[in-house]
**Q** 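Have a look at the structure that comes next, please.
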Amino acid sequence: TNLPEDYKSEIKSLFVKYQLVTDLRKVLWGNSRIDIAALVLSKAIIEHLTDDGLATMFLPSSLFMNEGAHDDFRKLATSSAIFSVEELHDLTALDIFQGVGTRYCLTKLRKGRRTLFPVDYIIHTPNNDTQTKKARPVTEDYSCWRIGDKSRFDKITVPKASMPRQGVNTCGANSVFFFSDAEFLDNDTVRLTGKNSIALLEREVVFPLITGKNFGDNNQIPNKYVFLPYNKITKRILSQCELEMMYPLAWKYLLSNMDGLISRKGMMIRLQIAKGFWWALLGIGDYTFRQFKIVWESYGKDRFSPEIFEGDWIPNQSLQAYMSFNSRSQAEDILSELTESNIEDALKASLNAGTGSWAQPGKVKMFLNLVDNMEQSSLVQVS
């Protein structure tokens with residue numbers, strides 16, 4: 001992410017050339033991270049390694065352990081070459097690269113062979129001890145890997161419309177949309193106080209924001225709030241005309257923050273701004289306004305403890321992930337299966353406990369059977 005913008009633009013086409021993505025638009029739309037390590041590795045093996053040649057490289061463990069973005073890389077094959085991972089040495093605990101906060105490994109790769117699972121995953125400790133474990137894909141061959149003994153997972157059947165998602169994303173404008181205190185003046189108006197702002201808004205566009213304090217012991221009393229310039233009935237962003245006519249307080253507040261909102265960065269939010277909706281947020285849709293949500297803490301945790309939130313609760317960016325439903329009974333049925341599953345053990349087997357990718361939507365999605373018609377599906381067992 002810290003590479004110069006002109007250099008990132010220059011190398012985007014190489015991700016397609018080396019088949020790390022199948023479509024350049026995936027890079028542009030954020031479906032696949034630009035990972036310079038994957039690109040260097042692919043070029044080195046494809047162009048500079050002889051058949052049956054061996055390469056040993058320091059690599060971020062995320063290439064193997066993180067879901068979604070690296071699926072195409074984990075095919076370990078292109079139209080011009082195949083290569084295998086023969087073993088991985090986890091050297092994170094040795095602090096070889098001081099100041100590097102991500103997990104990394106020394107990886108042994110061979111050109112011209114396919115990976116035979118399980119792969120030896122050798123963990124090195126500061127006292128020169130090693131512990132050899134086995135690494136294999138969580139589900140299909142291209143999914144992220146897990147460490148440990150082979151186990152079975154019961155995929156939980158969930159409506160496709162209720163697939164896991166991240167919470168609302170302000171694209172760097174938390175100080176505009178998030179508030180810590182609310183004073184409800186009457187049935188129509190609320191005065192909100194944030195870190196750097198005070199806003200007088202219509203109650204219809206103010207929602208309770210989920211925080212870590214809301215989990216456990218049924219503590220579902222709001223301690224933060226979020227301003228969403230959206231219509232919860234139509235599930236669509238409010239137009240300028242609607243804001244001016246129906247929510248004049250909200251429009252006045254948005255105008256006072258116009259310059260900062262227009263200057264937000266990021267491909268997706270820039271598209272919204274280009275359409276004239278400079279007050280837009282990301283992660284908002286029909287799913288946002290359903291009244292029953294199964295929510296779990298997805299960032300920096302080591303426990304998978306989903307809970308049901310009923311009402312207008314809004315999950316917060318990557319801190320929480322959720323599935324939303326139209327009925328409590330359906331949410332309770334899915335929650336029961338999630339609670340009784342061994343998803344937490346599977347997440348820990350990917351060595352992401354305590355990290356930002358702990359239980360993000362894509363990681364949990366691997367354990368779900370997403371279907372259009374619930375009545376035609378049953379539990380599917382996956383080795």
Side-chain angles (χ1 to χ4, degrees), residues 162 164-238 243 246-247 249-251 253-254 257 261 279-301 305-328 330-332 334-335 359 361:
S162 300
R165 300 179 183 276
Q166 281 190 341
V168 61
N169 187 348
T170 69
C171 302
N174 283 7
S175 62
V176 175
F177 294 103
F178 289 178
F179 301 90
S180 54
D181 295 294
E183 180 184 359
F184 294 91
L185 304 178
D186 52 44
N187 290 334
D188 301 316
T189 314
V190 56
R191 178 183 287 113
L192 296 163
T193 304
K195 186 176 181 180
N196 300 308
S197 61
I198 297 176
L200 190 66
L201 300 173
E202 290 82 2
R203 291 186 66 164
E204 286 186 15
V205 292
V206 176
F207 299 79
L209 182 71
I210 300 175
T211 72
K213 295 180 180 179
N214 294 120
F215 290 88
D217 299 327
N218 297 314
N219 183 23
Q220 296 195 11
I221 300 173
N223 56 80
K224 280 196 174 184
Y225 298 85
V226 57
F227 162 41
L228 299 182
Y230 287 74
N231 186 318
K232 64 179 289 187
I233 305 301
T234 64
K235 284 76 173 178
R236 298 176 65 87
I237 189 169
L238 293 166
L243 285 163
M246 300 167 59
Y247 305 99
L249 295 175
W251 180 240
Y253 175 71
L254 286 170
N257 290 280
L261 294 176
W279 53 90
L281 297 91
L282 299 183
I284 303 288
D286 172 70
Y287 44 85
T288 308
F289 301 101
R290 295 180 191 140
Q291 292 296 288
F292 303 96
K293 299 181 178 75
I294 297 176
V295 188
W296 60 90
E297 295 182 281
S298 55
Y299 187 99
K301 302 296 180 179
S305 303
E307 299 181 20
I308 291 178
F309 284 75
E310 180 177 351
D312 290 329
W313 289 93
I314 305 296
N316 183 359
Q317 301 186 103
S318 62
L319 296 180
Q320 296 119 25
Y322 71 104
M323 296 184 285
S324 59
F325 303 86
N326 290 318
S327 72
R328 169 169 278 278
Q330 190 174 45
E332 288 177 341
I334 300 296
L335 177 64

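The first residue of the sequence shown is numbered 1, and numbering continues consecutively from there. All values derive from a computational prediction rather than experimental measurement.
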**Q** CZ of R290 to NZ of K232: how many Å apart, nearest 0.5 Å?
**A** 14.0 Å
**Q** Please identify which of these residues, I210, L228, V295, I284, meets the side-chain contact (heavy atoms from CB on, under 4.5 Å) condition with I314.
**A** L228
**Q** For the side chain of W251 and the backbone of M246, is there at least one donor-acceptor N/O pair under 3.5 Å apart?
**A** no
**Q** Tell me, with the steps shown, if V190 and E183 meet side chain to side chain contact (heavy atoms under 4.5 Å, CB included).
**A** CA-CA 6 Å; V190 56; E183 180 184 359; 5.7 Å; no
**Q** Parallel, tilted or perpendicular, judged at 30° and 60°: which one describes the rings of Y253 and F179?
**A** tilted
**Q** Can you tell me how far NZ of K195 sits from OG of S175, rounded to the nearest 0.5 angstrom?
**A** 8.5 Å
**Q** What heavy-atom pair brings G283 and T288 nearest, and what distance separates the two atoms?
**A** O-OG1, 3.4 Å
**Q** Just so I know, are the side chains of I308 and R328 near enough to count as touching, which here means a heavy-atom distance under 4.5 Å?
**A** yes
**Q** Output yes when a side-chain donor or acceptor of N214 lies under 3.5 Å from a complementary backbone atom of T211, and no otherwise.
**A** yes
**Q** Sort and list the pairs that fulfil salt bridge (charged side-chain N to carboxylate O under 4.0 Å, His left out) and have at least one residue in residues 197-207, not counting sequence neighbours.
**A** none
**Q** Residues two or more places apart in sequence or in another chain: which of them pass salt bridge (Lys or Arg N to Asp or Glu O under 4.0 Å) with R236?
**A** none
**Q** Return the minimal non-hydrogen interatomic distance between A182 and Y225, and the atom names on each side.
**A** CB-CE1, 3.4 Å
**Q** Identify, with sequence neighbours excluded, every residue that meets side-chain contact (heavy atoms from CB on, under 4.5 Å) alongside T189.
**A** L185, D186, L200, L249
**Q** Using only atom types and a distance under 3.5 Å, with no angle test, would you say the side chain of N316 pairs donor to acceptor with the backbone of L319?
**A** no
**Q** List the residues meeting side-chain contact (heavy atoms from CB on, under 4.5 Å) with R165, not counting sequence neighbours, and say none if there are none.
**A** M163, Y287, Y322
**Q** Within a strict 4.5 Å, meaning less than it, do heavy atoms of the P315 and Q166 side chains meet?
**A** no
**Q** Please walk me through it: do L192 and V206 pass side chain to side chain contact (heavy atoms under 4.5 Å, CB included)?
**A** CA-CA 9 Å; L192 296 163; V206 176; 3.7 Å; yes
**Q** Examine distances only and state if a side-chain atom of S180 and a backbone atom of T193 form a donor-acceptor pair shorter than 3.5 Å.
**A** yes
**Q** Given side chains that start at C-beta, do those of L282 and C171 come closer than 4.5 Å, heavy atoms only?
**A** yes
**Q** Given 3.5 Å as the limit, does a donor-acceptor pair link the side chain of W296 with the main chain of A359, or not?
**A** yes
**Q** For S327 and F292, which heavy atoms make the closest approach, and how far apart are they?
**A** C-CD1, 3.6 Å
**Q** Looking at K213, I want to see if its NZ is surrounded by more than 12 non-hydrogen atoms of other residues, nucleotides or ligands under 6.0 Å.
**A** no
**Q** Could you tell me whether the side chain of P222 reaches within less than 4.5 Å of the side chain of W313, counting heavy atoms only?
**A** yes
**Q** Should the heavy atoms of other residues, nucleotides or ligands under 6.0 Å from OH of Y299 be counted, would the total exceed 12?
**A** no
**Q** Is there a side-chain contact between K235 and N231 in this structure, where contact means two heavy atoms from C-beta onward sitting under 4.5 Å apart?
**A** no
**Q** Give the minimum heavy-atom separation between L261 and A173, together with the two atoms involved.
**A** CD2-CB, 3.8 Å
**Q** Could you report the tightest heavy-atom contact between A321 and S298, atom names first, then the distance?
**A** N-OG, 3.5 Å
**Q** I need the single residue from Q320, K224, Q317 that forms a side-chain contact (heavy atoms from CB on, under 4.5 Å) with L209. Which is it?
**A** K224
**Q** Let me see the working for F309 and F215 under ring pair (Phe, Tyr, Trp, His ring centres under 6.0 Å), right down to the final yes or no.
**A** CA-CA 10 Å; F309 284 75; F215 290 88; 5.4 Å; yes
**Q** Does any non-hydrogen side-chain atom of S324 lie less than 4.5 Å from one of Q291?
**A** no
**Q** Under 4.5 Å between any side-chain heavy atoms of F178 and F227, yes or no?
**A** no
**Q** Would you say L238 and V205 make side-chain contact, with heavy atoms under 4.5 Å?
**A** yes
**Q** What residues, two or more places apart in sequence or in another chain, satisfy ring-ring contact (aromatic ring centres under 6.0 Å, His included) together with Y230?
**A** none
**Q** Quick check: closest heavy atoms across P229 and L243, and the distance to 0.1 Å?
**A** CB-CD2, 4.5 Å
**Q** Applying salt bridge (Lys or Arg N to Asp or Glu O under 4.0 Å), can you list everything that pairs with D188, at least two apart in sequence or on another chain?
**A** none
